[in-house]
Asks: 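Dropping a structure here in structure tokens format, bear with me for questions.
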Amino acid sequence: KPVSGFEGISQVTYEDIGGLREELQRLRETIELPMRHPELFRRLGIEPPKGVLLFGPPGTGKTLIAKAVANESGAHFIPIAGPEVISKYYGESEQRLREVFDEAEDNAPAIIFIDELDSITPKREEVTGEVERRVVAQLLTMMDGLEERGEVIVIGATNRLDAIDPALRRPGRFDREIEIGVPAEPDRHDILMIHTRGMPLAEDVNLSELSARTHGYTGADLAALAREAAIRALRRYLPDIDLDEEEIPQEILEKMVVTYKDFKQ
Ligand code: ATP
């Protein structure tokens, strides 16, 4: 069976990312350039990057941006979660990592995305951490063994940069770092536009005001805000709807709108 697949990622495009322009630009340069033109790096006598770290609070779009770059560059995408690799059975974690890297090399160009990379760092205060130590060692071995053609790149994501094992951040490993922060007002506006673009918005919906009022919201928070507004709108129409009927009458579907009040409750 394949280690993982393409499900659910093939649709993510740059259009789905609100804000994060410079971050996306930097990620693209780091990933697409060596994938498409390894000769540039060869000519300069340097190795193309093998690993990139995306760091920042939860829900800010780290997974989203990685999926979009994979999709738009036509790279095979293999998402794994750090904790999923940690197995208490001897050798199983190493085996799992080998499978992931094999899949990537067989399907190159490929991007391996490791979410929660910090979870494979041995905790200093613990005497154990034995599995984590072995997983870090295996990951280093696999990254060091990657052919220097720039065709397989590992993206690691974390909320805690300081919790990443220092060995993983040395040159030739995860040596590029891109911060993905909480969005400022214009970016919140962008994100709200994206998450309401399929909704029938009433005329009173003021996304500028909404973006001004949502200081501190992440992309995930804003996506949830939009979704909840739509659910609230749906509840307003439910009393008019006979759910036993085969189909909802067209005139009801047509009059449904999401109002500004739905966003503000
Ligand atoms: P975690 O650290 O929890 O894994 P993450 O940074 O990887 O978080 P994502 O999984 O990329 O966050 O974001 C969750 C969801 O929030 C996305 O699927 C998307 O719907 C929405 N979202 C987050 N950031 C953005 C953004 N910049 N533009 C549009 N949508 C966003």
Side-chain angles (χ1 to χ4, degrees), residues 4-28 30-31 51-73 75 77-86 100 111-121 153-165 168 174 176-199 201 205 207-208 210-231 258 263:
S4 60
F6 249 110
E7 321 82 48
I9 80 125
S10 43
Q11 322 86 306
V12 181
T13 72
Y14 296 143
E15 303 279 286
D16 299 316
I17 302 172
L20 300 177
R21 284 172 180 281
E22 278 172 34
E23 293 84 347
L24 178 63
Q25 187 57 33
R26 277 195 60 204
L27 188 64
R28 289 186 61 175
T30 311
I31 290 189
V52 186
L53 261 181
L54 301 182
F55 69 99
T60 46
K62 297 183 288 299
T63 309
L64 195 69
I65 194 173
K67 281 180 180 173
V69 171
N71 181 40
E72 298 251 7
S73 64
F77 188 72
I78 311 175
I80 55 171
E84 169 202 336
V85 182
I86 306 289
V100 167
I111 292 172
I112 299 172
F113 179 77
I114 311 181
D115 206 358
E116 299 172 72
L117 186 65
D118 47 89
S119 66
I120 66 164
T121 298
I153 291 193
V154 190
I155 302 181
T158 182
N159 310 322
R160 301 160 56 222
L161 193 58
D162 60 323
I164 298 290
D165 196 298
L168 288 173
F174 292 96
R176 312 290 161 106
E177 288 162 10
I178 303 177
E179 179 169 12
I180 308 293
V182 175
E185 182 172 337
D187 292 347
R188 292 199 295 275
H189 190 263
D190 243 26
I191 297 171
L192 282 169
M193 294 271 279
I194 289 169
H195 288 280
T196 55
R197 68 189 164 195
M199 295 181 185
L201 295 182
V205 175
L207 293 185
S208 304
L210 208 55
S211 33
R213 292 166 52 135
T214 43
H215 182 85
Y217 279 51
T218 63
D221 295 333
L222 294 166
L225 180 75
R227 199 165 43 240
E228 277 157 28
I231 299 288
V258 185
F263 282 91

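All of these numbers come straight from a predicted model, not from anything done at the bench. Just so you know, ligand 1 is whichever comes first in the structure, and atom 1 is the first atom listed for that ligand. Just the heavy atoms: all of them, side chains too, but no hydrogens, waters or symmetry mates, feed the values below.
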Asks: Which residue is it: Ile17, Ile155, Thr60? I am looking for the one with a side-chain contact (heavy atoms from CB on, under 4.5 Å) to Ile65.
Replies: Ile17

Asks: Starting from atom 4 (O) of ligand 1, which protein heavy atom do you reach first, and at what distance in Å?
Replies: Asp115 OD2, 3.3 Å

Asks: Just to confirm my output: which protein heavy-atom neighbour is closest to atom 17 (C) of ligand 1, and how far is it?
Replies: Leu64 CD1, 4.3 Å

Asks: For atom 8 (O) of ligand 1, what's the nearest protein heavy atom and its distance?
Replies: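 For this ligand atom, the closest protein heavy atom is Gly59 N, 2.8 Å.
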
Asks: Determine whether a donor-acceptor pair (N or O, by modelled atom type, separation under 3.5 Å) exists between the side chain of Asp190 and the backbone of Asp187.
Replies: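 Such a contact is absent between Asp190 side chain and Asp187 backbone.
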
Asks: If you measure from atom 29 (C) of ligand 1 to every heavy atom of Leu54, Asp16, Ile194, which option wins on shortest distance?
Replies: Asp16

Asks: Answer with side chain, backbone, both or neither: which part of Leu20 has a heavy atom less than 4.0 angstrom from an atom of ligand 1?
Replies: side chain

Asks: May I ask you to say whether Arg197 pairs ionically with Asp16, meaning some side-chain N is under 4.0 Å from a carboxylate O?
Replies: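 Salt bridge: yes.
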
Asks: What protein heavy atom sits nearest atom 16 (O) of ligand 1, and how far away is it?
Replies: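 It is Ala220 CA, 3.2 Å.
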
Asks: Which residue and non-hydrogen atom of the protein lie closest to atom 30 (N) of ligand 1, and at what distance in Å?
Replies: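 I find the closest protein heavy atom is His195 NE2, 2.9 Å.
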
Asks: So is there a nitrogen or oxygen of Gly18 less than 3.5 Å from a nitrogen or oxygen in ligand 1?
Replies: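 Between Gly18 and ligand 1 (N or O atoms, distance only) the closest approach is under 3.5 Å.
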
Asks: Name the one of Asn71, Leu64, Thr63, Val69 that satisfies side-chain contact (heavy atoms from CB on, under 4.5 Å) with Lys67?
Replies: Thr63

Asks: Are the side chain of Glu72 and the backbone of Tyr14 linked by a donor-acceptor contact shorter than 3.5 Å?
Replies: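 Yes; at least one donor-acceptor contact below 3.5 Å.
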
Asks: Say whether, by atom type as modelled, one donor and one acceptor occur between the side chain of Thr196 and the main chain of Met199 under 3.5 angstrom.
Replies: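 Absent.
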
Asks: Roughly how far, to the nearest 0.5 Å, is CG of Leu210 from OH of Tyr217?
Replies: 8.0 Å

Asks: How far is atom 22 (N) of ligand 1 from the closest protein heavy atom, and which atom is that?
Replies: Gly219 C, 3.5 Å

Asks: Output the list of atoms in ligand 1 that are nearer than 4.0 Å to some heavy atom of Asn159, sorted by atom number.
Replies: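 Ligand 1 atoms under the 4.0 Å threshold to Asn159: 2 (O).
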
Asks: Return the residue, atom name and 0.1 Å-rounded distance of the protein heavy atom closest to atom 7 (O) of ligand 1.
Replies: Thr63 OG1, 2.6 Å

Asks: Counting only N and O atoms by type, is there a donor-acceptor contact under 3.5 Å from the side chain of Lys62 to the main-chain atoms of Glu179?
Replies: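 Such a contact is absent between Lys62 side chain and Glu179 backbone.
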
Asks: How does Ile191 reach ligand 1, by side chain, by backbone, by both or by neither, if only non-hydrogen atoms under 4.0 Å count?
Replies: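 The part of Ile191 near ligand 1 is the side chain, not the backbone.
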
Asks: Please work out whether any backbone atom (N, CA, C, O) or any side-chain heavy atom from C-beta onward of Ile65 is under 4.0 Å from ligand 1, and answer side chain, backbone, both or neither.
Replies: neither

Asks: Mark yes or no for whether Glu84, through its side chain, and Ala81, through its backbone, hold a donor-acceptor pair below 3.5 Å.
Replies: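 Checked: pair present.
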
